[in-house]
Each structure stands twice: as C-alpha cells, then as structure tokens.
Amino acid sequence: MTNTYDPTSVEAKWQKKWEEAKAFNTDLKKAKDPFYGLVMFPYPSGDKLHVGHWYNFAPADSYFRWQRMKGHDTFTPMGFDAFGLPAENYAIKTGVPPAESIKKNVATMITQLKRMGCMYDWEKTVNTSDPEYYRWTQWLFLQMFDHDLAYKKEASVNWCPNCQTVLANEQVADGHCERCGTEVIQKKLNQWFWKTTQYAQRLLDGLDKLEWPEKTKLMQANWIGRSEGAEITFALTGHDETVKVYTTRPDTLFGVTYMVLAPEHPLVDVLTEEHHRGAVEAYKKEVAKKTELQRTDLNKEKSGVPLGSFAVNPATNERIPIWIADYVLAQYGTGAVMAVPAHDERDYDFAKKHDLPMKEVVKGGDVSQAAFAEEGVAMQSQFLDGLRTPEAKKKIIAWLEDEEKGRGVVQFRLKDWLVSRQRYWGAPIPIVYDPEGRPHPVPEKHLPWLLPTDVEFKPTGKSPLTESKEFVERTEKIFGKGWTPEYDTMDTFVCSSFYYLRYLMQGDPKKFVDPTLEKKWMPVSMYIGGPEHATMHLIYARFVMMALSDFGIVSHEEPFERLVHQGLITNGGAKMSKSKGNVVSPDSFVDRHGADVFRMYLMFMGPFTDGGDWSDTGIKGIDRFVQRVWGLFGEKPVKGADDDATVVAVLHKTIKRVTESVAAFRFNTAIAALMEFLNAVEGKAHSLTTARTFTRLLAPLAPHLAEELWHAMGGKDFVIDQPWPEYEAKYLLSDTLTVVVQVNGKLRGNIVVPSDAPEADVIARAKEDENVKKFLTGPIKKEIYVKGRLVNLVV
RNA sequence: GCCGGAGUGGCGGAAUUGGUAGACGCGCACGACUCAAAAUCGUGUGCCGAAAGGCAUUGAGGGUUCGAUUCCCUCCUCCGGCACCA
C-alpha cells in the first residue's frame, strides 16, 4: 500500500480548519432551529481524560453532529466542574494550591478534548471555580435565601471522618461516603439546607413529561418516595402531651398493641417513668454509639426498651405500652409508629422478641406463622369489619378526621438538601453574621464573595476558611466590627445544578441568564452522562430549575428534555480508578490510530448504553475499515462512472439503517451497516454521487476522515454542513423476493418469486421444491404464508 | 428482602408488533504475495459430510404456537439501584 491514510496529519489539519472557520461557534441569538446538545461536564482531575470520558463524549458528539446535518443549529458547549475535593486533597499532599493544579489540568484536558474533534464551542466554556462563575453560584444561594428556600438548622447529619465534612443524604451510599468509601457517622451540626422537600411532589410529577430512561425516572421516583397514609394522634395516660404517628395502614388501627418512638424522639424524656430511666438512658447511649450502617443492618435483632408509660388507642381506648427502639427512624414521618405486629413484619419481629401481644385485624394470612402485610378484609375492627383494605383506609381516615384524632397525609422520603461543606475548595456561602449571630446575605454588589487564599488546607473538621485573616478583615471592613463571615463553602453539586444556563452567556453579562436565550434554548434537547447521577445531580438540577422558574428567572421548569446514559467502561471488571491503577489513557491509542478510529472503535464495541469491559483487541478492524474506505473513495475518486445496479439498492438500505441506528444511539450497528456497504460496493462500479452520499453517512462517526474524503471528491464547504442523506423507499423494493420454505417449522429450502406473486402461486412453488418434497411425507394439514418472508407447510 | 436490567459461537456483539439465529468485527486455520516476517488480499470458521444435505443450538426446565432469542410460568447466575421509610 503506497498511499495509506495518515490520520495524524489529516486530523490536525481539519481541527485547525474548523477552528479558523469558527465552524462550531454557535450564534445563539441568530440561530433559527436550536438543538442544545449537552454532555455532563468533567472534573479536571490530574488523571486527565480517560477512555470513560471518550466513551461518553465521542458518541455524544457523533449524535450531535448528526443533528447538525439534519439541519439544526446545534450548540454543544464544554466546561469544567472544577471545585471539589480531589484538588484540595492534592494540595494537602503536595502544597500546590488547588487554583494552580486546576488551571494546569484544565489546560491539559482542553488539549486532549480538541484532539477528539468534537464540535465544542470553546467561546462559551465555563469553569465553576472561576470567580466570574461562582458569583452566580453565590447569587443562586442568595435567591434561595430571599425566597425562604435556604435555612440553617441544627440537625443530625452525615459526617465523613476521612473527608472531614458533612455529606448530603444523596452522597451516602450503603452507609459509606460516596467519594472515599469511609463509613459515615452521624453528627449534630448547625448546617445550611435547601428546601428540596417543598418541591417533592412537583419533582415527582415532572418525571412523566420527560423523555428519560424509565429506570432513571423510577430511581428518582423511589428516591422521592411518596407514600399516602394518615397521621394519627394518640393521647397519653397521665400526660397532657400527645404523640402523633404516621402510618400507611390506618385500617389496622384496631390491631395496635403498643407504640414505638425513635430513641431521639423529643418526648422520650418526659415519657420515661423513673424506674425505667436507667435502662432507657443506657439504651440511648448504646444507640448513639452505632454507625448508620450498624443501625440499619436488617439482620440484627430488633432491640428496644419500654418507657413505662402508656398511650391510648384512639379507636379502642385501650391502654398500650410505649417503647423506644432504633428500628424507628427519627427523621421520617413523626419519628413514632403505632405497632401492629400482626400486619407489619418489623413490628412482628419486635413483638416476638419482646413478648408483646398481637391482634389480627386483616383476614388473609396466617399470623401465627408470619405477619400478614398485604391487603385483605378487615376483622375485629368494629365499623371496619368486612371492608377491603382500600375501603377500610378511606373509612377510618374519614372517621379520624370527624373525631379530630387524625388526618390523611402524604409523606416523602426525600430530605432537604444539605449544601454546606467544611472544606476549602468550593464557593463560599455568601452569608455574614452580625455580632448577635444572626445571618445576613452578602449584598449582590459584593459578589463574587471571593474565596480567600491565605489558608492552609489541613482538614481538621473545622472549615479551613476560619484560618483566613483576610476573610474576617474583609467582612468587618464592609459590615462593621464584630461581624463574621460564614466559613462553610457550598457542595459542588450546587455549582453543577445550573451550569447549563451559564453556557448561554452570549447575552447580557450582568445577568444570570438572558431570558430570550433561555426561552429559545432551554430545555437542553439531549443530555448525555453517567447513570450514577440519577439521584444526585439530576435531582438537584431539576430542583434548581423549578425554583428558578418560580422566581421568574427562567421560563421552563425542567432543564433536560431528553436524557441518555452511556454505559460504564470497566477494566478487568472493575471501575477505572487511580487507586486501583487500572485507568486506561486514550492518548496512546489516538497517537497510533487517530481520533476517528478510536472514536469508532469505542462506538463499535457494543450499544452505547451498555458500556463494557475494556479491551483493545479489535481496534484493528476499524483501522482496516478506515484504510479500505480511503482506498476506495479517497485515493483515486471516481469520475463519471455509473452505479452498478445493486449498488443503489444497497446504498439506500444503508442510509435507512445508519439513520435509524444513530437516532437510537446504536452506533455499533450504524458502523456495521457502513462496513456492509463497503463490502457490497468493493469491486463494483459506483458513481461520485454514491461516494459522496456514503461520505455524508460517515461524517458524524468519523468526522476528520469524512472531511478529507469530501474534499478529495471535490466537495465544497464542510461535509458536516451538508444535509443528511434521505433514502428513497422505491430503491428498497426489488422485483423478486426470496421466500423461505419450512416444513413443520424447519427450514427446508427457499424459492425466488416475483414480489407481487399471489399467495396461492407462492405456496404452489414451495411445494415443487425438490428438497421440500422429500419432507412432505403425509397430507398437508396447514399452509401458512407470511407475505414476502416464508411459507410453512404442516404435515 | 424489595425494585429494575441482562444471560446468544473462542471473544465484542447482531436479529424481538413471534417468521432463514449468529449480521458486522475480532481471533483462529488454510492459501496468495514475500527469501522470510509484518501488512495486505482470498477462502473457511456450531457439529457431521467431499458435496447435496442433515443435525443441534440463544442460562436451566416447562408451557402457548404451524413456528419462540422474542410471549407466559418456575428456577439459576450476573449487573445496577434502594434498603427497618412504618
């Protein structure tokens, strides 16, 4: 081979030409047919881009390029989620300030990203650690504060002893820190929260309208965790207070035999009888020592102690004992439950262990064996007797409401978002405290409220910003003697909750977002990123967008109209990570094969949404494909030839298959279709038009090669600005069809018939087939004809 | 435990309003080119057979059907999520 295709020089050439022509800089104002294609922006880590990033970004770019060829004004920005722990931990280890290491990493990653040949509009990039960005993170905090959606309170919070900071509920996985894997403990701290719970119902309802993977929507729905039930008030013997419980099964009220409070319930002290106090205090101490993981371990025996006091069942007026037990959670519902051992598994276990009575009130199970928690028919329940569970629920709730002993309520498992962090490398919370300790917002004119630099980053559990002299001096200078700044910074998920709006920065720089551009470009047309954000970023961003729409800042409630998750690329079956030392860098592959080959190889591995284990065997196949394409169409372009009769039909079939595949994110089958076309056309005459059509089909998948081919064939402009080919149905039909003949469902031959042949003719022809005849050993019982596909003869 | 998703050649995978299972690619074998190797090209690649053709087959077992990778039931394995939410 004398004139092989050299990706290195060709790719560099086209990247330069695209840049010079500003081919990917979208004029947001003038655009007529917007398509906002977004990928989740990366964290600029020292590991640089790994194959996982490529697996996310490259196919996404192919999809966006296809949208562009379909005629959309496609906007695909890229930025950096630059605040966060890794840069800070790196600084602790090496002394290099986070601002410096991030700057260096961003520069490296931009170089890498440019080599991918994606259509990123670098004029509109963001970096969340840039003061001009985080002024808006802080502005958002002030908006939340002004609208009463941000508040500070003392609460038991998740604390990571290794990261030395609090974590949001979403950032705790299986009792461990989502980031470092350390076991999380509970700590009582005064922290800032955002009221996501106020949006629980809307966050749930909004899911219906989204074109997201069903799985992701289900995960969010489960996370929000809506349940319907009743809040029931229990009077107490010898106390004026009452205890409210939450239950989803108010219909079992007649079966309540005791009550359980969470050990942290505020009434525990009051309700503890003197002779029980020792045991109760000991139990509380024991519970407090447990980690979240130990406490929620389902296999452990259900522990608890009685308080010695009693409540009154509002339906029966029976006296029931009150216990505390750590299987009741303080944070959910009212922190107290009415126990119905016959119809709740947990209450059943607890009652068995502590020898508490049981009363069956729903027919349908055998409560001597196990709790019957399903629906059934009420019994031993006075006016509920004979009613099915749903009706019994309605009736008892109506009764409770009439008697003013309870009411129907809806509960959510979603909690408010804990946004403060005791770490350095984040956006400072724009709050100052007056000498009496009351919080005040930092006025907007002082934004960005700069992150101080005179700070060591040793994690001590106290916010590093407390060390900054400058920070306090600045605060006192502006607000007065005795005023102090808020020392906590914000969760980085705050930074990433609105970045998709900041990309639309072509408008008024004094505004958070230009309303005209927001209206025109939002919501994001297609958002692509990992499924690990299902209950973190993707909930936070939806919450923020909804809040902003309520504030009148944006015109849409939902940020991401369509969402697709790429699959995970593992190595040796494990997630790639620096600590495991199994991170694969794309750089050497790009050096050797070029970006087009590497992109196509990643896409050819399998369905985009599946991911898979990394292996480079097979990259050779794509290499060969690229060389063969170049050899056939690029090296010596055809002039004046006509298409072989079969070529046109194959071409149109290919257009159909590639179009459908790309639309469905099935890039693997799109590439397979192009390979099949090549196999079919090699050695046959083809026209220049056919070669050009093929090049356009290739353009989203191998952008550099396609440009080179396009120009080798005398094409003008960029191939990426050519229209996407359309197939013509007439070419997909042929005069004859091959029909499969089965006998008793087994393949015995095939016949070629005119495509308009009537059924009777086809069946007659089928019976004449020599091989078929051999198997027609008896009378034909049934003849089945599937038009144009097969004949099945049953004997 | 509960909720999702998935099990197809030596490997990645293709094909589902039920209709030729294994497209495309890797790998492997043989051949051509070469002094040789690499690269490239050609042929083959579930099993039996020279071929015609036959047989088997989509995690296991059962069912529905003329026909099942596709639908139903039972089970096994793997992956993801949630996990005492009353």
Side-chain angles (χ1 to χ4, degrees), chain A residues 1 4 173-175 213-216 218-223 225-227 229 245-249 252 260 295-300 302 325-329 331-340 343-347 349-350 373 411-415 531-532 534-535 565 567-568 570 573 601 604-607 609-613 615-625 627-628 631 657 666 668-679 738-750 770-771 774 780-795:
Chain A
M1 185 73 56
T4 55
D174 213 10
E214 287 307 316
K215 183 180 170 163
T216 308
L218 193 68
M219 276 171 69
Q220 286 211 354
N222 288 341
W223 192 261
R226 183 184 199 275
S227 78
V245 302
Y246 172 73
T247 176
T248 53
R249 292 296 299 273
T252 61
V260 190
R295 178 156 175 183
T296 54
D297 182 3
L298 288 167
N299 297 321
K300 76 170 183 358
K302 288 196 166 41
D326 69 352
Y327 80 90
V328 175
L329 306 174
Q331 320 87 287
Y332 183 77
T334 60
V337 301
M338 57 179 224
V340 188
H343 305 290
D344 182 281
E345 225 175 287
R346 296 149 301 185
D347 298 342
D349 292 347
F350 191 78
Q411 276 290 335
F412 294 95
R413 294 169 79 157
L414 186 73
K415 291 178 193 164
E532 66 275 17
T535 54
H565 297 302
L568 180 69
T570 54
Y601 177 61
F604 192 60
M605 275 171 61
T609 50
D610 283 10
D613 203 45
S615 156
D616 60 2
T617 64
I619 195 162
K620 211 183 217 178
I622 303 291
D623 243 337
R624 285 179 186 145
F625 172 68
Q627 293 299 340
R628 280 170 63 206
R657 286 178 60 194
R666 309 274 293 197
N668 53 332
T669 49
I671 293 167
L674 292 174
M675 287 173 167
E676 282 181 66
F677 174 78
L678 194 68
N679 291 342
T738 304
V739 173
V740 168
V741 184
Q742 297 179 336
V743 179
N744 289 343
K746 291 209 175 206
L747 178 68
R748 297 302 176 192
N750 48 64
E770 285 306 319
N771 196 50
K774 289 199 307 204
I780 295 172
K781 280 195 279 187
K782 202 166 185 179
E783 296 170 349
I784 288 139
Y785 177 53
V786 181
K787 197 171 181 308
R789 304 208 72 142
L790 65 70
V791 171
N792 190 13
L793 304 169
V794 186
V795 296

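Below, chain A is the first sequence line, B the second, and so on; all start at residue 1.
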Output the rounded distance in Å from [atom1] ([X]) to [atom2] ([N]).
X	N	atom1	atom2	result
A:L747	B:rU20	CG	C1'	5 Å
A:R624	B:rU40	CZ	P	5 Å
A:E532	B:rC79	CD	P	18 Å
A:Y601	B:rC24	OH	C1'	14 Å
A:Q220	B:rG4	CD	C1'	15 Å
A:D613	B:rC78	CG	C1'	14 Å
A:D623	B:rG25	CG	P	14 Å
A:N744	B:rU65	CG	P	15 Å

Quick check for you: among [options], whose closest atom lies nearest to any side-chain atom of [X]?
X	options	result
A:P607	B:rG54, B:rA86, B:rA14	B:rA14
A:R748	B:rG4, B:rG54, B:rA15	B:rG54
A:Q742	B:rG19, B:rA14, B:rG25	B:rG19
A:V786	B:rA86, B:rC82, B:rG19	B:rG19
A:L790	B:rC26, B:rG19, B:rA86	B:rG19
A:K215	B:rA86, B:rG27, B:rG4	B:rG4
A:N668	B:rA83, B:rG13, B:rG12	B:rG13
A:I784	B:rG27, B:rG19, B:rA83	B:rG19
A:V337	B:rA86, B:rA15, B:rG67	B:rA86
A:F604	B:rA86, B:rG27, B:rG25	B:rG25

Between [X] and [Y], what is the shortest heavy-atom contact and its length?
X	Y	result
A:T535	A:M219	CG2-O, 3.8 Å
A:R249	A:A373	NH1-O, 2.9 Å
A:Y246	A:G229	OH-N, 3.4 Å
A:A534	A:T216	CB-CG2, 3.9 Å
A:R413	A:Y332	CG-CE1, 3.7 Å

I'd like to know if the side chain of [X] reaches the main chain of [Y], judged simply by a donor and an acceptor atom lying under 3.5 Å from each other, with no hydrogens or angles considered.
X	Y	result
A:E783	A:V791	no
A:N668	A:M605	no
A:Y785	A:N792	no
A:D347	A:V340	yes

Please classify the nucleic acid contact of [X] as base, sugar-phosphate, or nothing, using heavy-atom distances under 4.0 Å.
X	result
A:V794	sugar-phosphate
A:S615	nothing
A:R657	nothing
A:D347	nothing
A:V340	nothing
A:R789	sugar-phosphate
A:P531	nothing

Are OP1 or OP2 of [N] and a side-chain N or O of [X] less than 4.0 angstrom apart?
X	N	result
A:K746	B:rC55	no
A:K620	B:rA39	yes
A:S227	B:rA86	yes
A:N222	B:rG4	no
A:Y332	B:rA86	yes

Using the [atom1] atom in both, what is the distance from [N] to [M], to the nearest Å?
N	M	atom1	result
B:rG59	B:rG22	P	16 Å
B:rG61	B:rU8	P	15 Å
B:rC71	B:rG67	C1'	13 Å
B:rU64	B:rU74	C1'	15 Å
B:rA50	B:rU65	C1'	39 Å
B:rU58	B:rU70	P	9 Å
B:rG80	B:rG31	P	47 Å
B:rG63	B:rG10	C1'	34 Å

Check against side chain to side chain contact (heavy atoms under 4.5 Å, CB included), A:K415 and A:Q331: CA-CA 9 Å; A:K415 291 178 193 164; A:Q331 320 87 287; 3.8 Å; yes
B:rG46, syn or anti by chi within 90 degrees of zero: anti
Any A:M338 side-chain heavy atom under 4.5 Å of A:T252 side chain: yes
5' priority, RNA chain B, between A:A336 and A:M219 [closest heavy atom]: A:M219
Most 5' of A:N679 and A:Y246 on RNA chain B, judged by nearest nucleotide: A:N679
Base-pair map of RNA chain B as dot-bracket, where | denotes pairing with a different strand and pairs are Watson-Crick or G-U under 3.5 Å: (((((((..(((......[....)))((((((.......))))))(((....)))...(((((..]....))))))))))))....
